[in-house]
Amino acid sequence: MTLLAARSHIATARAITILTGAGISADSGVPTFRGPEGLWRNYRAEDLATPEAFASDPRLVWDWYNWRRELVATKQPNPAHLALVDLERRRPEAFWLITQNVDGLHHAAGSQHLSEIHGNIWKVRCTGCGLVSDNRTIPLQTLPICLQCSGLLRPHIVWFGESLHEDDLRRCNEALRSCDVLLMIGTSGVVYPAAGFAAIAKQAGALIIEINLENTQQSSLADLSLQGRAKDLVPLLC
Ligand code: BV8
Ligand code: ZN
């Protein structure tokens, strides 16, 4: 299938679902996780992005998230984020965007039909009373405390070994089973449950289009794999 054919599938799709990963934000200057420049080159996921890590050393985990908050605060949505907003505005009833990114850049760009399945770096959650709140303070005090119950706050992020929020999973499953096109952008496709999303959409009959710099674990499911940068290819396709 050619790029032109893929464009026409997107333009005429009854419903389109998008799955994005760190690669779409790489073009805004946010580091990815895996690969030679990825965050997990210098940090071990299990030391920082698990409930066990937070229980044993909350200060270390907060230091890492504070550093990432400072970094992300300087970044802006790029043409790929903006092209998805345009697509949604043209076809709001036919569009659902699922992101694994926690950087909030889709939201900042203006996407509304959006599931941030791994959470958002600009939200905190109380480990005592469970209250979720927006928090854009930079830098946060090293061990931030809930104003309501004085419990320790944690990032409102889904860590390894934690379940995704049930409402998000239900909404994603609906969007995956009902779309005619699934567009996967900038994800290595190795973290579950998102790594199973292409298979769900494919089984329901969707056409799968992938945009990435390289082949991924999901490429064998794709009807079209476009190799290149998200900021160039997404505007071309949408
Ligand atoms: C769960 C938050 C039920 C931190 C993140 C063994 C087998 C199968 C499953 C498991 C297993 N062992 C454990 C599991 C479950 C585990 C899992 O999948 N592990 C994997 C690694 C094996 N999953 C979970 O624990 C999930 N919960 O399953 O609940 C359960 C519970 C208990 C036990 C079992 C099951 C929770 C997942 C937590 C996800 N949270 N981190 C934070 O962000 O602060 S994951 C982390 O990876 C990020 O959040 C990120 O969103 C996610 C996915 O990564 P990508 O976005 O794909 O990024 P990556 O760097 O990998 O790739 C970037 C891609 O972009 C590359 O392909 C690159 O080529 C491309 N690219 C780069 N530049 C560009 C580009 N493309 C285009 N343009 C460019 N410019
Ligand atoms: Zn509280």
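Heavy atoms only: backbone and side chains are in, while hydrogens, waters and symmetry mates are out. Start at 1 with the first residue, then count along the sequence. In listed order, ligands and their atoms are each counted from 1.
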For a distance under 2.8 Å, give residue and atom name for each protein N, O or S atom next to the Zn ion (ligand 2).
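Under 2.8 Å from the Zn ion (ligand 2) - ignoring waters, which are not counted - the protein N, O or S atoms are Cys126 SG, Cys129 SG, Cys146 SG, Cys149 SG.
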Tell me, yes or no, whether the heavy-atom count around His113 atom NE2, taken from other residues, nucleotides or ligands under 6.0 Å, exceeds 12.
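Yes, the 6.0 Å shell around NE2 holds more than 12 heavy atoms from other groups.
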Mark yes when over 12 heavy atoms from residues, nucleotides or ligands other than Glu162 sit less than 6.0 Å from its CD; otherwise mark no.
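Above 12, so yes.
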Which residues pass the side-chain contact (heavy atoms from CB on, under 4.5 Å) test with Leu143, not counting sequence neighbours?
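In terms of side-chain contact (heavy atoms from CB on, under 4.5 Å), with neighbours along the sequence ignored, Leu143 is linked to Pro58, Arg59, Trp62, Leu152.
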With atom 33 (C) of ligand 1 as the reference point, say which of Pro31, Gly119, Ser219, Gly161 has the nearest heavy atom.
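Looking at heavy atoms only, Gly161 sits closest to atom 33 (C) of ligand 1.
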Any N or O on [X] sitting closer than 3.5 Å to an N or O of ligand 1?
X: Val158; result: yes
X: Tyr192; result: yes
X: Gly186; result: yes
X: Thr216; result: no

Is any side-chain N of the basic residue among Asp168 and Arg171 closer than 4.0 Å to the acidic one's carboxylate O?
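Not counted as a salt bridge, because no side-chain N and carboxylate O are separated by less than 4.0 Å.
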Mind jotting down which residue pairs meet the side-chain hydrogen bond (donor to acceptor under 3.5 Å, both in side chains) criterion with at least one end in residues 176-190? Sequence neighbours excluded, please.
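Checked against side-chain hydrogen bond (donor to acceptor under 3.5 Å, both in side chains) - neighbours excluded - the pairs reaching residues 176-190 are Arg14-Asp180, Gln100-Thr187.
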Give every residue pair that meets the side-chain hydrogen bond (donor to acceptor under 3.5 Å, both in side chains) criterion with at least one member in residues 192-209, sequence neighbours excluded.
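Listed once each, the pairs are Lys202-Asp223.
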Tell me which protein heavy atom sits closest to atom 1 (C) of ligand 1, plus the residue, atom name and distance to 0.1 Å.
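The closest one turns out to be Glu162 O, 3.5 Å.
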